[in-house]
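As the structure is a computational prediction, the values presented were derived from the model and not from experiment. Numbered from 1 within each chain, the chains take letters A, B, ... in sequence-line order.
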Protein chains: 2
Amino acid sequence: MAHETQKAIARQSLLLKSLPEHQIDKLLSHAIWRRYDRGETIFLQEEEAKAVHVVLAGWVKLFRMAPTGAEAVVSVFTRGESFGEAVALRNVPYPVSAEAVSACEIMHFPSPLLLSLMREDPEIGVSILASTFTHLHSLVAQLEQLKAQTGAQRVAEFLLNLSDKVSGGCEVELPYDKMLIAGRLGMKPESLSRAFSRLKPVGVKINRNHAEIADIQRLRDYAESDSSEK
Amino acid sequence: MAHETQKAIARQSLLLKSLPEHQIDKLLSHAIWRRYDRGETIFLQEEEAKAVHVVLAGWVKLFRMAPTGAEAVVSVFTRGESFGEAVALRNVPYPVSAEAVSACEIMHFPSPLLLSLMREDPEIGVSILASTFTHLHSLVAQLEQLKAQTGAQRVAEFLLNLSDKVSGGCEVELPYDKMLIAGRLGMKPESLSRAFSRLKPVGVKINRNHAEIADIQRLRDYAESDSSEK
DNA sequence: GCCACAACTTGACAATTGTCATGTCATCGC
DNA sequence: GCGATGACATGACAATTGTCAAGTTGTGGC
């Protein structure tokens with residue numbers, strides 16, 4: 001990928017986009033760029049945070065290992081999204097591990113640099129808070145889903161988030177492995193399979209990583225319907 | 001409660017404790033103090049955030065209403081803890097609602113004040129990020145629990161968090177309603193009852209809001225054991 | 001092109017959890 | 001003190017999900 005393209009993607013990221021031009025340039029000039037292969041570890045839980053990470057291409061999963069060995073996927077990031085903000089500025093260990101789930105290109109901003117820029121211009125603090133808030137919000141949304149929705153409903157919401165259409169039918173591509181989707185939604189791959197087949201009567205056809213939704217609104221109604229009235 | 005006691009509690013809060021004396025004084029002098037009755041609403045989901053909140057006494061729950069009407073408890077706060085940091089500084093609507101679950105005393109810091117102090121001293125930004133990170137972390141821990149542990153194991157962890165002992169036996173008080181505990185742990189009250197009885201063989205006796213743990217370590221082993229090997 | 005492997009799908013079964021119904025117990029107003 | 005109410009426990013039943021075991025199907029290596 002061309003160097004300039006990478007910078008352009010980084011500029012559009014939630015973390016940087018609201019910053020003044022000269023701050024972005026300074027950050028970009030000190031950023032470290034790296035390529036990761038599929039399956040490669042980006043950092044490990046308990047490791048001390050030294051940078052904030054912005055995904056330029058590919059997919060990254062954040063996950064936690066329970067003492068039992070069970071893996072819980074916390075979030076999945078792609079192009080333009082950043083992670084590690086809240087941790088990097090506090091010299092505390094990461095609460096999660098990060099792994100490339102596809103080949104990835106990632107930009108790292110060293111945290112001392114961020115801290116010093118922040119002392120010059122508190123606006124950067126607000127930017128960091130902004131993307132941290134986005135994560136907070138998405139975690140809250142996930143908690144709500146896990147606590148208040150059935151498996152099939154969570155899958156329905158996942159599909160809905162892949163499309164930006166408001167009504168009518170559409171086709172979407174599943175962005176990553178079904179195993180990872182299952183993990184992200186807090187279920188086993190077998191349950192995901194069953195959830196997909198339970199969505200057939202609502203007008204969802206799955207073929208490989210390709211999904212056809214007959215009627216977005218019908219799917220949305222299903223996702224928001226009370227589980228007891230089905 | 002005496003005014004000075006309130007201020008002392010506020011000073012010890014995660015949000016304020018790492019700030020320089022004069023900043024704390026400035027914040028405290030502009031803070032709004034209020035008492036809430038049990039069941040009273042502090043703010044509603046979708047409402048615009050105007051302040052950061054610090055609990056001085058009592059218990060507050062943050063929860064989300066799913067479109068289906070189901071309620072998902074996101075977190076429960078008590079003395080010294082703060083909430084709403086990430087939202088207040090960005091003029092965005094709250095992603096959750098807040099309600100007093102017991103009689104409460106809460107201090108509110110208007111967000112414009114925080115913003116202006118932050119421009120003077122970026123250290124405040126770091127403090128806010130610190131408490132935001134704590135929430136982020138606790139949400140991540142909750143997600144892990146929900147995804148990777150059984151109901152009884154989540155209850156075991158909840159009990160373990162109530163005690164600061166490392167080994168041996170102990171007695172703890174359940175800090176709030178079993179209904180709320182159930183919600184906080186993502187289950188129905190009935191399931192909580194069953195989870196409690198499933199903990200009997202591990203040395204846990206529940207009587208009203210009083211719990212006896214025969215051996216902390218045994219309970220910890222149970223909480224961390226693989227669910228398949230039971 | 002063939003083999004091995006991993007990613008699925010499906011079925012049968014067990015365990016867990018939600019739902020509904022019923023019963024007990026403490027608290028509160030009167 | 002008495003009845004009403006809400007919190008909680010428990011049993012029966014249904015629905016959901018995890019687990020285990022097959023079987024299918026791409027994909028990549030050779």
Side-chain angles (χ1 to χ4, degrees), chain A residues 37-39 59 61 66 68-72 101-103 145-156 173-201 204-211 222 225-230, chain B residues 37-39 59 61 66 68-72 101-103 145-156 173-201 204-211 222 225-230:
Chain A
D37 286 327
R38 176 195 166 97
W59 292 86
K61 77 167 172 190
T68 73
E71 173 186 307
V101 290
S102 70
Q145 285 190 17
L146 275 174
K147 286 183 177 175
Q149 290 189 297
T150 69
Q153 285 179 314
R154 298 203 294 276
V155 175
E173 301 297 316
L174 301 182
Y176 36 79
D177 268 6
K178 290 192 187 169
M179 299 199 65
L180 181 54
I181 297 178
R184 166 62 239 283
L185 297 176
M187 51 178 109
K188 302 282 145 177
E190 290 96 325
S191 300
L192 179 65
S193 277
R194 290 184 196 123
F196 276 141
S197 43
R198 202 170 306 183
L199 290 182
K200 273 180 200 155
V204 174
K205 256 185 240 161
I206 305 284
N207 196 289
R208 308 288 220 91
N209 62 344
H210 187 86
Y222 174 85
S225 68
D226 192 326
S227 30
S228 56
E229 55 170 74
K230 271 190 324 240
Chain B
D37 287 327
R38 176 194 165 96
W59 292 86
K61 77 167 173 191
T68 72
E71 173 186 305
V101 290
S102 70
Q145 286 190 14
L146 276 174
K147 286 184 176 174
Q149 290 187 297
T150 68
Q153 286 179 314
R154 298 203 294 276
V155 175
E173 301 296 316
L174 302 182
Y176 36 80
D177 267 6
K178 291 192 186 171
M179 300 200 64
L180 181 53
I181 296 178
R184 165 61 238 283
L185 297 176
M187 51 178 110
K188 302 284 147 176
E190 291 95 328
S191 299
L192 179 65
S193 278
R194 288 180 199 129
F196 276 140
S197 42
R198 200 168 309 183
L199 290 182
K200 272 179 202 155
V204 174
K205 256 185 239 162
I206 305 283
N207 196 290
R208 310 289 220 93
N209 62 344
H210 187 85
Y222 174 86
S225 69
D226 192 327
S227 30
S228 56
E229 55 170 74
K230 271 190 323 240

- request: Send over the distance from Leu192(B) CG to dA9(D) P, rounded to a whole Å.
  value: 7 Å
statement: Here the distance between atom C1' of dA7(D) and atom CZ of Phe196(B), to the nearest Å, is 13 Å
Polar atom pairs (N or O), protein with nucleotides 24-30 of chain D, under 3.5 Å:
residue	atom	partner	partner atom	Å
dG26(D)	O5'	Arg208(A)	NH2	3.0

query: What's the closest nucleotide to the Met187(A) side chain, out of dA9(D), dG18(D), dG18(C)?
result: dG18(D)
message: Does dT9(C) have OP1 or OP2 under 4.0 Å away from a side-chain N or O of Ser193(A)?
response: yes
- prompt: Between atom CD in Gln153(A) and atom P in dG18(C), what is the gap in whole Å?
  reply: 14 Å
task: Starting from P on dA9(D), measure out to CD1 on Ile206(B) and report it in whole angstrom.
output: 9 Å
Rounded interatomic separation in angstrom, taking NZ from Lys188(A) and C1' from dT10(C): 18 Å
task: Sequence neighbours left out, what passes side chain to side chain contact (heavy atoms under 4.5 Å, CB included) with Asp37(B)? Give chain and number order.
output: Arg35(B), Glu40(B)
message: Both Gly186(A) and Lys200(B) contact DNA chain D. Taking the nearest nucleotide for each, which residue is further toward the 5' end?
response: Lys200(B)
task: Mark yes or no for whether Gln153(B), through its side chain, and Ser225(B), through its backbone, hold a donor-acceptor pair below 3.5 Å.
output: yes
Interatomic distance where CD1 belongs to Ile181(B) and P belongs to dA9(D) [whole Å]: 10 Å
Interatomic distance where CZ belongs to Arg198(B) and C1' belongs to dT17(C) [whole Å]: 9 Å
Any donor-acceptor pair under 3.5 Å from Arg154(A) side chain to Leu185(A) backbone: yes
task: Search all heavy atoms of Phe196(A) against all heavy atoms of Leu174(A) and return the closest pair with its distance.
output: CZ-CD1, 4.3 Å
- prompt: Around atom NZ of Lys188(A), are there more than 12 heavy atoms of other residues, nucleotides or ligands at under 6.0 Å?
  reply: no
message: Rounding to an integer number of Å, can you tell me how far Asp177(B) CG sits from dT5(D) P?
response: 19 Å
- prompt: Can you list the steps and then say if Lys178(B) with Ile206(B) is a side-chain contact (heavy atoms from CB on, under 4.5 Å)?
  reply: CA-CA 11 Å; Lys178(B) 291 192 186 171; Ile206(B) 305 283; 3.5 Å; yes
- request: Answer whether the closest heavy-atom distance between the side chains of Lys61(B) and Glu71(B) falls below 4.5 Å.
  value: yes
Of the listed nucleotides dC8(C), dT10(D), dT19(D), the one nearest the side chain of Glu190(B): dT10(D)
message: By nearest heavy atom, map Met179(B) and Arg194(B) onto DNA chain D; which one lands nearer the 5' end?
response: Met179(B)
